2 protein chains.
Amino acid sequence: MATRAAPAPTSTPAELSATDALAQLSFLIHGTLERRAAEHKLSMIQTRLLGVLRDRTPSVNELAKLLLLDKSSVSGLVDRAERRGLVTRVRSTEDRRAVLVSLTDAGRSLVASVSGQFEADVAAILEGLPRSDRQALSRLVGRVLVAHASDHGVDLFG
Amino acid sequence: MATRAAPAPTSTPAELSATDALAQLSFLIHGTLERRAAEHKLSMIQTRLLGVLRDRTPSVNELAKLLLLDKSSVSGLVDRAERRGLVTRVRSTEDRRAVLVSLTDAGRSLVASVSGQFEADVAAILEGLPRSDRQALSRLVGRVLVAHASDHGVDLFG
DNA sequence: TATTGTTATACTCTATAACTATA
DNA sequence: TATAGTTATAGAGTATAACAATA
């Protein structure tokens, strides 16, 4: 956990390894989204569900693969989101076993709020750096992501 | 959520804003720890509990503040960790209402494993960069952390 | 009276197994 | 038979409220 950054996020030592620094920043940013979502009574998994649905109308089965959950877990997740009026279920006409899940207007509006606030939060965290440093950071992190993706057979720019 | 990095982590576009890049990397790193912990049948919160206990023997009340949980939640958390032999409870002699929680040898060993593997994972992710770039990244992220901490009244280097 | 910790209760989240209805 | 989805069940994790023991 990069010394104590993850399980026990603590103070920032004068000297940080790149590993420690990245771990600490990651938990800071993750926690930021968690808090924003909680303000809207959303858990992280409900937030991810809404996020996934922004540009898709997947079946329960496809959702299970996207969210790395069992289909029964997705069933319950969608139940609770549906009860709150955030998503709807529609029986597929092509395969009448399948159920397609999509955002309601309320769901779309909610995920847009959380999303916007989170982006602003991250931007605010980065405001500690002058613009040229932000660009340098962006370039370096972009390279890490590209390298990691290619190591894992992910198709970038697809 | 930095476009779709958080709720719907997807591909890496050719051009990433610093915000998007940081968000994507953060969720990559957080997910890395989550997977490592899960291999040891540890949830994130159990992992954080063990992490906090590495250099402390706090009361249940203090744990609740450190983990940002209600004391009743901590009570259950410690119950389950104790049942697995990872932590022990000792009644405080100074204040006989208080219960002090500490790691067992098994708990300490387990958290060391997860910690070590996670650090190696993050280091591996960073290996996509040449050493000079890693140093630059570390310096930039360190500055972000310092700036954020000072904005929030956190005492660094304490 | 105030504080520490536990317990009772209720809800979310998760998986496994069994079931229904399609294919 | 195989697949899609739901339901029953069990357990972790969380909070609120009520309680016992100690301060």
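As the structure is a prediction and not an experimental result, all values here were calculated from the model.
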Between A:T47 and A:S43, what is the shortest heavy-atom contact and its length? OG1-O, 2.7 Å
Integer-rounded Å distance: C:dA23 P and A:R91 CZ: 9 Å
Taking atom types as modelled and ignoring hydrogens, do the side chains of B:T88 and B:T104 form a donor-acceptor contact shorter than 3.5 angstrom? no
Whole angstrom value for the distance that separates C1' of D:dA12 from CD of B:E34: 14 Å
Ignoring hydrogens and geometry beyond distance, is the side chain of A:R96 in donor-acceptor contact with the base of C:dT22 at under 3.5 Å? no
Rounded to whole Å, how long is the line connecting atom CG of A:L49 with atom C1' of C:dC13? 13 Å
Rounded to 10°, tell me the angle between the two end axes of the helix from C:dT1-D:dA23 to C:dA23-D:dT1, each built from five pairs. 20°
Aromatic plane relationship, B:H30 with A:F27 - under 30° parallel, 30 to 60° tilted, over 60° perpendicular: tilted
Students often get this wrong, so: under 4.0 angstrom with heavy atoms, is A:S59 touching a base, only sugar-phosphate, or nothing? sugar-phosphate
Take atom CE of B:M44 and atom C1' of D:dT14, then tell me their distance rounded to the nearest Å. 16 Å
Judged by modelled atom types alone, do B:D70 and B:S72 share a side-chain donor-acceptor pair under 3.5 Å? yes
Return the 5'-most residue of the pair B:R89, A:D95 with respect to DNA chain C, ranking by each residue's nearest nucleotide. B:R89
I'd like to know if A:R36 and A:E39 make a salt bridge, using a cut-off of under 4.0 Å between side-chain N and carboxylate O. yes
As a test of reading the structure: which of D:dA15, C:dC13, C:dG5 is closest to the side chain of B:V60, going by heavy atoms? C:dG5
Phosphate contact (C:dT6 OP1 or OP2) by B:S75 side-chain N/O below 4.0 Å: yes
Is any side-chain N or O of A:Q46 closer than 4.0 Å to OP1 or OP2 of C:dT12? no
Determine the contact category for B:N61: base if any of its heavy atoms lies under 4.0 Å from a base atom, sugar-phosphate if only primed atoms, P, OP1 or OP2 are that close, otherwise nothing. sugar-phosphate
Output the single nucleotide from C:dG5, D:dG5, C:dA15 whose closest atom is nearest the side chain of A:L69. C:dA15
What is the distance from atom CG of A:L53 to atom CG of A:L63, rounded to the nearest 0.5 Å? 5.5 Å
C:dT12 OP1/OP2 closer than 4.0 Å to side-chain N/O of A:S43: no
Looking at the side chain of A:R83, which of C:dT12, C:dT16, D:dT6 is the nearest nucleotide? C:dT12
Within this structure, what is the CG-to-P distance between A:L100 and D:dT6, rounded to whole angstrom? 11 Å
Is the closest side-chain donor-acceptor distance between B:R54 and B:S115 under 3.5 Å? yes
Separation of atom CD in B:E94 from atom P in D:dT22, rounded to whole Å: 17 Å
From D:dT14, C:dA15, D:dT6, pick the nucleotide closest to the side chain of A:K71? D:dT6
So if I take every side-chain heavy atom of B:R80 and compare against D:dT14, C:dT12, D:dG5, which nucleotide ends up nearest? D:dT14
Separation of A:L86 atom CG from C:dT12 atom P, in whole Å? 13 Å
Any N or O donor-acceptor pair under 3.5 Å from the base of C:dT16 to the side chain of A:S72? yes
Look at the side chain of A:V99 and decide which nucleotide, out of C:dT3, D:dG5, D:dA12, has an atom nearest to it. D:dG5
Worked check of side-chain contact (heavy atoms from CB on, under 4.5 Å) between B:L49 and B:L67: CA-CA 8 Å; B:L49 170 63; B:L67 300 175; 4.3 Å; yes
Tell me: CG of A:L67 to C1' of C:dT14, nearest whole Å? 13 Å
